[in-house]
Protein chains: 2
Amino acid sequence: MSSYRLRVDNALRQYHAAVRTLPFRDTSGVAKYRHEVLAVVLRVCTGGSPRLEVLAWQRHHEPFEGRWALPSGPVEVDETMDAAMERHLATKLDLTTVRHSEQLASFSAPLRDPAERTIATAYLGLVAEHTEVSGEEVGWFATDRLPAMAFDHGEVVALAARRLQGKISYSNIAFALAPEEFTLAALREIYIGVLRHDVDVTNLSRVLSRRGQIEPTGRLVAPGDKGGRPARSYRFVERRLRITDPFAVLRAGGSPSSQGHRGAPGSH
Amino acid sequence: MSSYRLRVDNALRQYHAAVRTLPFRDTSGVAKYRHEVLAVVLRVCTGGSPRLEVLAWQRHHEPFEGRWALPSGPVEVDETMDAAMERHLATKLDLTTVRHSEQLASFSAPLRDPAERTIATAYLGLVAEHTEVSGEEVGWFATDRLPAMAFDHGEVVALAARRLQGKISYSNIAFALAPEEFTLAALREIYIGVLRHDVDVTNLSRVLSRRGQIEPTGRLVAPGDKGGRPARSYRFVERRLRITDPFAVLRAGGSPSSQGHRGAPGSH
DNA sequence: CCAAAAGTGTTTTGGATACACCCATGA
DNA sequence: TCATGGGTGTATCCAAAACACTTTTGG
């Protein structure tokens, strides 16, 4: 190799090294940043009192060595962030059974990654309780009792939990946390785990039925050791997110088309 | 300048130019992207039938020359995206009176900017009706009758309008669209513009009063040309976003503390 | 026959809507 | 005094909650 090539190569190598740690601008002066996707994978665990849990893995390198972090990874040049999210979960955790996922928010504090500025877009991913993930250093943690988290990941988990808590009240999002078929008692546990307060099975059943979210499968489930009436098995009517209760307040009203039946007196 | 420096400079210049148009990876193989913030600035315009309008400016260069685009700009190396948003609106449009702003979502389709891959984080910004903005080629457009928009900006506006429409039903977000003091009639127009259906003043007043969102200032507003009773002037109690109606469905219930007064019979 | 678990029937509650009616002003 | 617009009172509606009661199983 010529002396010229060597010197240029050397210059480029130094330049490259600088780019990795310093903010990089192209010749038009526009800065470029690393961009990663972050997964907040949640499930409801029902051994004991039901609780919402998040998937995390333990870091082996600085920064934040030893702390727990959310699954994450870079975005490839020809893929969307949604696709990147799916790809990282599939390749790193063998996780291909996320039942619902949606974008949460993007985090841009300049020092959130002390090694290099990295903008992160967080996703919420919901899985059923008994979902297998591979990897040795992974664990599930109750979202309200997190261990020491790396980066701003604690904040991200809190946001995800709040989002889920809101959405479970006005949508059918619980479909993504429940198995294909379930008893009302099991569904109740899921709601309790997310909402963190008691839920009346009777009313839960009637609310979800009225909204057309769930329907009985016709099958029965045998009772446990200590007897009891066998439970009916239910399923969610739709397995995609649907807003079932667009806010009741200040709604259109008046137009009979939006209400179906109206003006049927004598019921009170 | 030495021949050596010249040759290195030249190599770097070529390298720089390549980086600007091709996906860039640092030496660790991680791709870096341009990242911009996008502003969806909304107001309710009440001349005629009230309508929600968005601020846009006309492009003078390719790509999408002649089309209308949302205000946008890059994120500086030491600022958060929130700060970048505020900075671009202030410097480019003299707009420093955004009453409420929040992150909407990030957009990452690889070809959304045909010139170079750019990830964009969109923000919702709300202003009062008579807010001045500088700039010659800016205009306000009804969100449901947009002109041909550049990039994916039409989609972004639609998302923002939906977000606002939802939030106005369960929060005090209208404070950011209304002037400091207003009559109930004026507030009604704002709600009609956002919700796109008629709103009963009487009920609007009672709902917002019960929720503690608005209060009378004590002042009266003189009636118009054709007479009429003078209207009371109101203000929003808080000028920060507050969720006033955390979802009524499947709420905690039972605990008397969460309800205030209970068990007062004889009202039915 | 009893305990346990599932499901049904019925009452109560309270926010929200609809609408008739009263009040204050200008011409 | 009348048209116009603002504000109040009240009946109605209905989803949700509360809870007592019935049904079906295991021991």
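Throughout, protein chains are lettered first and strands after them, A, B, ... in sequence-line order, and every chain is numbered starting at 1.
B:Leu204 has its CG atom 9 Å from the P atom of C:dT17, to the nearest Å. Atom C1' of nucleotide C:dG15 and atom CD of B:Gln213 are separated by 14 Å, given to the nearest angstrom. Rounded to an integer number of Å, the gap from CG of A:Asp200 to P of C:dG9 is 16 Å. The distance between atom CZ of B:Arg229 and atom P of C:dA27, rounded to the nearest whole Å, is 19 Å. As rounded to whole Å, 14 Å separates atom P of D:dG7 from atom CG of B:Asn203. As a whole-Å value, the separation of A:Leu187 CG from C:dA5 C1' is 17 Å. When rounded to the nearest whole Å, the span between CZ of B:Arg188 and P of D:dG7 equals 13 Å. Atom pair B:Leu220:CG and C:dG26:C1' shows a separation of 16 Å (rounding to whole Å applied).
Nearest to the side chain of A:Lys226, among C:dA5, D:dT25, C:dT25, sits C:dA5. Here D:dA16 is the nucleotide among D:dA16, D:dG26, C:dG26 with the atom lying nearest to any side-chain atom of A:Arg211.
OP1 or OP2 of C:dG15 has at least one side-chain nitrogen or oxygen of B:Arg210 nearer than 4.0 Å. Checking the phosphate oxygens (OP1, OP2) of C:dG14, no side-chain nitrogen or oxygen of B:Arg206 falls inside 4.0 Å.
Using cut-offs of 30° and 60° for the angle between ring planes, the B:Phe182 and B:Phe236 rings count as tilted.
B:Ala185 comes within contact range of the sugar-phosphate backbone alone, with a heavy-atom separation under 4.0 Å but no base atom that close. Among the heavy atoms of the strands lying under 4.0 Å from A:Thr202 is at least one base atom, whether or not backbone atoms are also near.
Within the 4.5 Å cutoff, no side-chain heavy atoms of B:Val54 are placed close to those of B:Val41.
Side-chain to base pairing of A:Arg232 with D:dT24: no donor and acceptor N or O lie closer than 3.5 Å to each other.
Checked by atom type, the side-chain pair A:Thr244/A:Ser171 shows no donor-acceptor distance below 3.5 Å.
Residue A:Arg43 is tested with A:His130, A:Glu129, A:Glu53 for a side chain to side chain donor-acceptor pair (under 3.5 Å); the sole match is A:Glu53.
Ranked by how close their nearest DNA chain C nucleotide is to the 5' end, A:Gly228 and A:Ser205 are led by A:Gly228. Closest-nucleotide positions on DNA chain D for A:Gly224 and B:Thr183 were compared, and the one nearer the 5' end corresponds to B:Thr183.
Formation of a donor-acceptor pair under 3.5 Å by the A:His153 side chain with backbone atoms of A:Leu70 is found in this model.
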